Amino acid sequence: MNLIDRLFRDAPLATRREITPKLGFVLTVLLALVWLIPFLWMGVATLRPASDGINLMAELMPSLKPTLDNIRDAWEIGDFPRYTLNTTIICTGILLVQFVTITLAGFAFARLAFAGKTLIFYLFLMQLMLVPVLLIVPNLSLIAQLGLYDTLTGVMMPFFASAFGTFLMRQAFEAIPTELEDAALIDGAGLFQRIRHIYVPLSLPSFSAFAIISVTSHWNDFLWPLMVINSPDKRPLTVGLSVFTKTAEGTQAWGTIAAGTLMVIAPLLVTFLIFQKRFISSFVTSGIK
Amino acid sequence: MSLAEPAALPVATSAAPRLHVLKRFAAGFKASLPAYLLLLPSLIFLALFTYGAMGRVFIDALYQRTTPKAPVRFVGLDNVSAVLADPAFTGAVVNNLIYAVGTAIPSIGLALLFALALARTNAVTSALRAALFLPVLIPMVAASALFLFIFLPNVGLLDYNIGRLLPVLPNWLGDPDIALSAIMVITIWKNAGYYMLFFLAGLQAVPEDVMEAAHLDGAGPFQRLRYIILPELKPTFLFVTVIATLNAVTQVDHVFVLTQGGPSNSTNLVLFYIYQQAVEHYDVGKASAATLLTLAALMGLTALSFRTLANREGGP
C-alpha cells in the first residue's frame, strides 16, 4: 500500500532539512522522555523491595537491592497465568475465525461478480461506521439469549466478522494477477483450492497486518469482557488486572501493582520491540480499528 | 394434453415477460450463489451483532424493563425523555464534550509536532517514534493502573517529584474540579503517538519540488509550514479529528478503573453512563435510549469519517 511504503521513506528533503526547528526537536526529545516515565516507573517499582516502604515508591532511581518478590506476589495473588490463558484463548479464537470469514468475503468482493454487490459492500462498510463499542447493551442481551453469558465464546463472537479485515483482504486479493488463477483453473483447481494455494499464500503480509491489529485490540479490550464475564476464572488479563489493582490498592502494594501491570503489557511490548516496523505499518493501515 | 394446451397458451403469452424476468433473476442468483455462500459466514455475524443490534437498540428504547425479570412494558419515547431529563446524562454529555475537545486538540497538536520533528528517518528518530508509540499498544486499564500511582496524593509520582513545588497539593483524582483533566492527561499520553503516525504518513506526501521551489523563492521555514505543509496535511487533520472524536466516546476504561465517574459525577462519560444504566441499574430501556441518542449524534460524524476514508489515498 502506497501509504505504508511512504511512511518509511524520509520526508521530502526540504521538509526534513529545514522545517523541523531545532527547538521543536529538543521539545520532542524531552516529551518522548516524559512519555516513557510511566514505563520507567513500572520497571523500577516492580524490582523495588517492599522494605523500601511507601516513601521511596516514587523514586525513579532503581533500588540497589532489586528483588523479584513483587512479580512472584502478583503472579500468586492475581492468578495471572489463568488470565493470560483466557486472553490468549480469546485472541486466538477470534483471529482464527476471522481469518476464515475475511478470506472468504474478501475473495468474493475482489474476484466475483454477483447481484447486489454494491449493496452488500455498503452493508459491510456500515460496521465501520456504527462504532461497535456503543452496541454493547443489545449485544449483551443477545449473548445472554444465546446462552453464552459468562463464556469465552460469548466474548469472542461479536468479533468473528470483520469489515476492516474483509476490505484489507479484498485489497490484497485484487493485487494478485488473474493469470495465476487462470493457470490454476486450467489445471482444474476448484474455488477453495485456488483460494488456498494462490490467494492465501500470496497475501501473507496482509494477514499478518490484520493479525497484529486484531490481537492488539482484543488483547486490550476491557469493557465488553467485563460485561460478559462473571466467573473469576474466566477473566481476561485486562479485567483481571482491574480487579487485582483494586485489591492491591487497598493494601498500598504499589510494587505488586507495577508487577501485575508489567505482566499484562509485556507480551505485546516485547512483540512490538521485535517487529516494530510491522506494527507501525499495520496501525497506519488500520486507520479506524 | 390437447385440452391443456389451448388453456396454457393465453396464460403463457401474458406471463412470458414476467417469467423471463424471474428466469433471469434465477439465473442471476444461481450465478451469484458462490459469492453469497462465501459472504454468508461474515453476514451472519454482522447481522447478529451489528444490524440486529442496531434494530434491538431501537426496540429496547421503546420498552421499560427495570429489573431483569420484571414484565416488559411499552412506553414509547418515555425512555428518551427520561434520559434527556436525567442530570447524570446531560452532565455526562457535557463532560464528554469537554473531554473530546480537551483531548483532541492537545494530542493532535503534539502529534503534529512529533511528526515534524521526527520526519527524518534514522536510528534516533526511530527510537523516539517507538517511545511515543508505546502507550498506544498497552491496554487503557494498564495505563490507568500506572497513572493511579502517578496521581496518588503526597507519595505518588507526580506529587513526590514535582507536586512539592506547588503551594497546595491537589488531590488529582479526588477533586471534582481537577479529576476530568487528570483523566484527559492519560488519554493525551495514550493517543498522541497514534495520531503521529498519520501525520508522518501525510508528510511524505508533501511534494518535494514545491518545497524546493518555495525554498529557492526565499520562503522561510515557517512560511513553508504555513503555506505548503499545513494545507497539504488538511485531509490528515480531518481524518485524525474524526478518530479522536470517536475515541473520546469509546475509550472509557480509565473511568472504570480510576474514578467510576466520580467524584460527584465529574468524570462521568456517556459510555460509562450507558454501562451504569444497563449493568448496575438493569434499566435496559434507558441504556438503549442513551445509546440511540449517542449513535444519532455520531451519525453525522461517522458519515464524515466515511467520506474522509473514501477520499484518503490508499486508505481502507
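Below, read A as the first sequence line, B as the second, and so on, with proteins coming before strands; counting in each chain starts at 1. All values derive from a computational prediction rather than experimental measurement.
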If you apply the rule ring-ring contact (aromatic ring centres under 6.0 Å, His included), what do you find for B/Phe133 with A/Phe283, and how did you get there?
CA-CA 10 Å; B/Phe133 185 71; A/Phe283 271 80; 5.2 Å; yes
Please determine, among [options], the option with the most heavy-atom pairs under 4.5 Å with chain B.
options	value
A/Leu146, A/Val243, A/Thr238	A/Thr238
A/Phe107, A/Phe272, A/Phe109, A/Phe159	A/Phe272
A/Phe114, A/Trp254, A/Phe279	A/Trp254
A/Thr166, A/Leu33, A/Leu268, A/Ile120	A/Ile120

Answer with side chain, backbone, both or neither: which region of [X] has an atom nearer than 4.5 Å to a non-hydrogen atom of chain B?
X	answer
A/Leu191	side chain
A/Val29	both
A/Leu269	side chain
A/Leu237	neither
A/Thr216	side chain
A/Lys117	neither
A/Ala115	both
A/Leu112	side chain
A/Met227	side chain

Using non-hydrogen atoms only, which part of [X] is less than 4.5 Å away from chain A: side chain, backbone, both, or neither?
X	answer
B/Val270	neither
B/Ala47	neither
B/Leu40	neither
B/Leu137	both

Less than 3.5 Å apart, which donor and acceptor atoms pair up between the side chains of residues 125-141 of chain A and the rest of the protein, not counting sequence neighbours?
residue: A/Gln127; atom: OE1; partner: A/Ala163; partner atom: N; Å: 2.8
residue: A/Asn139; atom: OD1; partner: B/Arg56; partner atom: NH2; Å: 3.3
residue: A/Asn139; atom: ND2; partner: A/Leu135; partner atom: O; Å: 3.3
residue: A/Asn139; atom: ND2; partner: B/Phe49; partner atom: O; Å: 3.2
residue: A/Ser141; atom: OG; partner: A/Pro138; partner atom: O; Å: 2.9

Shortest non-hydrogen contact from [X] to [Y]?
X	Y	result
B/Ser42	A/Ala161	O-CB, 3.5 Å
A/Asn220	B/Pro139	OD1-CD, 3.1 Å
B/Val155	A/Ala58	O-CB, 3.3 Å
B/Ala142	A/Ile265	CB-CG2, 3.5 Å

Give me the ring orientation class for B/Trp189 and A/Phe39: parallel if the planes are under 30° apart, tilted from 30 to 60°, perpendicular past 60°.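 Judged by the thresholds at 30° and 60°, the geometry between B/Trp189 and A/Phe39 is tilted.
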Plane angle bin for A/Trp41 and B/Phe149 - parallel if under 30°, tilted between 30 and 60°, otherwise perpendicular
parallel
Does a side-chain heavy-atom distance below 4.5 Å link [X] with [Y]?
X	Y	answer
B/Leu116	A/Phe25	no
A/Phe124	B/Leu43	yes
B/Phe114	A/Leu31	yes
B/Pro41	A/Val100	no

Query - With A/Glu59 via side chain to side chain donor-acceptor pair (under 3.5 Å) - residues at least two apart - result: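 If we apply the side chain to side chain donor-acceptor pair (under 3.5 Å) test to A/Glu59, skipping adjacent residues, the hits are B/Tyr160.
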I would like to know whether A/Trp35 and B/Leu134 meet side-chain contact (heavy atoms from CB on, under 4.5 Å); could you show each step before the answer?
CA-CA 9 Å; A/Trp35 248 238; B/Leu134 276 188; over 6 Å; no
- Message: Does B/Phe256 form a side-chain contact (heavy atoms from CB on, under 4.5 Å) with A/Leu223? I'd like the steps, not just the answer.
- Response: CA-CA 9 Å; B/Phe256 280 85; A/Leu223 185 54; 3.1 Å; yes
- Task: Carefully, step by step, assess B/Phe45 and A/Met157 under the rule side-chain contact (heavy atoms from CB on, under 4.5 Å).
- Result: CA-CA 8 Å; B/Phe45 293 113; A/Met157 214 181 207; 4.0 Å; yes
